[in-house]
There are 2 protein chains.
Amino acid sequence: MTTTILVVEDDVAIRDMLCFSLKQMGYTCIAAGDGEQGLDCLKIQQPDLILLDWMLPGIDGIEFIRRLRANEFLANIPVIMLTAKGESEDLVKGLSVGADDYVNKPFSPPELGARIKAVLRRCNPTESDGKQTIECDKLVLDTKSHRVTVDGERIDLGPTEFRLLHFFMKNTDRAYSRGQLLDYVWGDTVYIEERTVDVHIRRLRKALEPSGYDNFVQTVRGVGYRFSAEM
Amino acid sequence: MTTTILVVEDDVAIRDMLCFSLKQMGYTCIAAGDGEQGLDCLKIQQPDLILLDWMLPGIDGIEFIRRLRANEFLANIPVIMLTAKGESEDLVKGLSVGADDYVNKPFSPPELGARIKAVLRRCNPTESDGKQTIECDKLVLDTKSHRVTVDGERIDLGPTEFRLLHFFMKNTDRAYSRGQLLDYVWGDTVYIEERTVDVHIRRLRKALEPSGYDNFVQTVRGVGYRFSAEM
DNA sequence: ACTAAATGTTACAGTTTTATAACAGTCAAT
DNA sequence: ATTGACTGTTATAAAACTGTAACATTTAGT
């Protein structure tokens, strides 16, 4: 799950610096040079957060937020204002118009990062797309506590086996090739031998063995693997 | 049940006067000379209400409240602003930022007392006793007295370990990343190495060791830590 | 039954993650 | 100034995890 941030800032140097820092922090970044451009970007793609310079040519910060909040699809996107020092007047205006937080220029990347994290957290209190536990017969995977249990009996899994089981339990009764599993469970950026999947399947089976659920992990010869309650 | 009030006011005379009046009214009083000091106080002890002068050297009222609201433990503490006459501008700002009420200087102690009572009533509708202690098996954490005991046996914790345990006991059976713990326990405005969390986890475990509750603090490899009665 | 391909299993070396201890700076109380 | 408690950082040790390759077994087709 990548988090996308829209940066609206007219100063090229600052904009580039921002995008660079944000990417380093693992965010995906869209950049706009003025309010008009920024609003255009929003028509195409909805970011998870907006970094908004307050002093903009054309549409200024206040106006930008107004228009943003006026659109029901965009109204909930949190906004962090970037203000120069001494603009505390505007600051209050901004917060009252609907900005969620602000950062004074100049700021350090860590500080900005902290603010971004805080705002995202505040705005996504539900987190983790709802479902807290996934069940399959008596097998229970709890995403919050990061635990797998059968009848309350705990099953120990390494990080990779946990992700693998998690994926399987979210997508039961369906066969996946080793390549697909690598993409979905490991991520598509790494290059790993396909046979490695076999090894982790083995480890998962072994961990599930005492509970008898190891046969839920099924081999589909010539294709890959499948997780299913039915034999 | 004593009610504690934090006074943040830079003018010594007014501050002392306030503390004196408050004590007369039966409140316990903590005093801070500026915003920085005030925030430090909050790390150690959570008051039931904050009296906040609006004109402060360093961190001003807006910033103070902003930081306050950013911390989940402190977010609900009501704030009464102390404003000089003619600062009606700031008044609006303050209320929009999240102050709960205001009192114009100069004010009379009875007036202030009335406001305090009103705000406390408004903000603690459930109250009367509220949860003062959190328990986990025989482990008892008293939020007011800032004490942790097992079977009446006292356990000594440093401030950070106390907050960490406090957070854990409020959120058991759930894995948190080091980053999340930093956000929730340390606050999202500081930038601290993630490894530092490990060290404090270690200190917490060590402190709990003699009681045998150290294994409640569990490592979730690849993720972070979890506090749970179940192994 | 024989063969080739696919999968199961195991051991291991390298890497990553976590635990622990030691250190230095801060702050308040004395 | 000095002490002592506390905090954050860092270095090193220990533990856990990972990917690979080598070998074993099963499977399907002949």
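Not measured: the values here are computed from a predicted model.
- Looking at heavy-atom distances under 4.0 Å, Thr196(A) makes contact with a base.
- For Ile192(A), counting side-chain heavy atoms from C-beta on, the closest listed nucleotide (dG19(D), dA21(C), dT9(C)) is dG19(D).
- To the nearest angstrom, P of dT20(C) lies 13 Å from CG of Leu204(B).
- Using a 4.0 Å cut-off, no side-chain N or O of Thr219(A) falls inside it from OP1 or OP2 of dT7(C).
- Put simply, CG on Asp156(A) is 17 Å from P on dA15(D), counting in whole angstrom units.
- Positionally, the nearest nucleotide of DNA chain D for Val197(B) lies more toward the 5' end than for the other of Pro159(A) and Val197(B).
- The side chain of Thr160(A) lies closest to dC17(D), out of dT7(C), dA21(C), dC17(D).
- Side chain Arg221(B) to base dT17(C): a donor-acceptor pair is found below 3.5 Å.
- Side-chain contact check for Leu49(B) versus Tyr27(B): every heavy-atom pair is 4.5 Å or farther apart.
- Residue His200(A) contributes atom NE2, which lies 13 Å from atom C1' of dA16(D) at whole-angstrom precision.
- Counting only N and O atoms by type, the side chains of Gln180(B) and Arg174(B) include no donor and acceptor under 3.5 Å apart.
- In this entry the distance linking CD of Gln218(B) with C1' of dT18(C) reads 15 Å, nearest Å.
- Ser228(A) and Asp173(A) share a donor-acceptor pair across their side chains, judged by distance under 3.5 Å alone.
- Note on Glu194(A): nothing from the nucleic acid sits closer than 4.0 angstrom, heavy atoms only.
- Heavy-atom distances to DNA chain D give each of Tyr191(A) and Gly158(A) a nearest nucleotide, and the one nearer the 5′ end belongs to Gly158(A).
- Mapping Asp198(A) and Val223(B) onto DNA chain C via the closest heavy atom, the residue that lands nearer the 5' end is Asp198(A).
- At the phosphate of dT18(C), neither OP1 nor OP2 sits under 4.0 Å from any side-chain N or O atom of Arg202(B).
- His200(A) pairs with exactly one of Phe168(A), Trp186(A), Tyr225(A) by the ring-ring contact (aromatic ring centres under 6.0 Å, His included) rule, that one being Trp186(A).
- Contact annotation for Tyr225(A): backbone-only contact, meaning every heavy-atom pair under 4.0 Å involves sugar-phosphate atoms and none involves a base.
- If you take CG of Leu157(A) and P of dA16(D), they are 15 Å apart, rounded to a whole angstrom.
- Salt bridge Glu63(B)/Arg67(B): present, at least one basic N to carboxylate O contact under 4.0 Å.
- What separates CG of Asp214(B) from C1' of dA19(C) is a distance of 13 Å, to the nearest Å.
- Put simply, CD1 on Ile201(A) is 17 Å from C1' on dT10(C), counting in whole angstrom units.
- Atom CZ in Phe162(A) sits roughly 19 Å away from atom P in dA16(D) (whole-Å rounding).
- Between Arg203(A) and Val220(A), the residue anchored closer to the 5' end of DNA chain C is Val220(A), taking for each the nucleotide with the nearest heavy atom.
- For dG8(D), the OP1/OP2 oxygens have a side-chain nitrogen or oxygen of Trp186(B) closer than 4.0 Å.
- Classification of Arg15(B) and Asp53(B) as a salt-bridged pair fails, no side-chain N sitting under 4.0 Å from a carboxylate O.
- Under 4.0 angstrom from either OP1 or OP2 of dG8(C) there lies at least one side-chain N or O belonging to Arg205(A).
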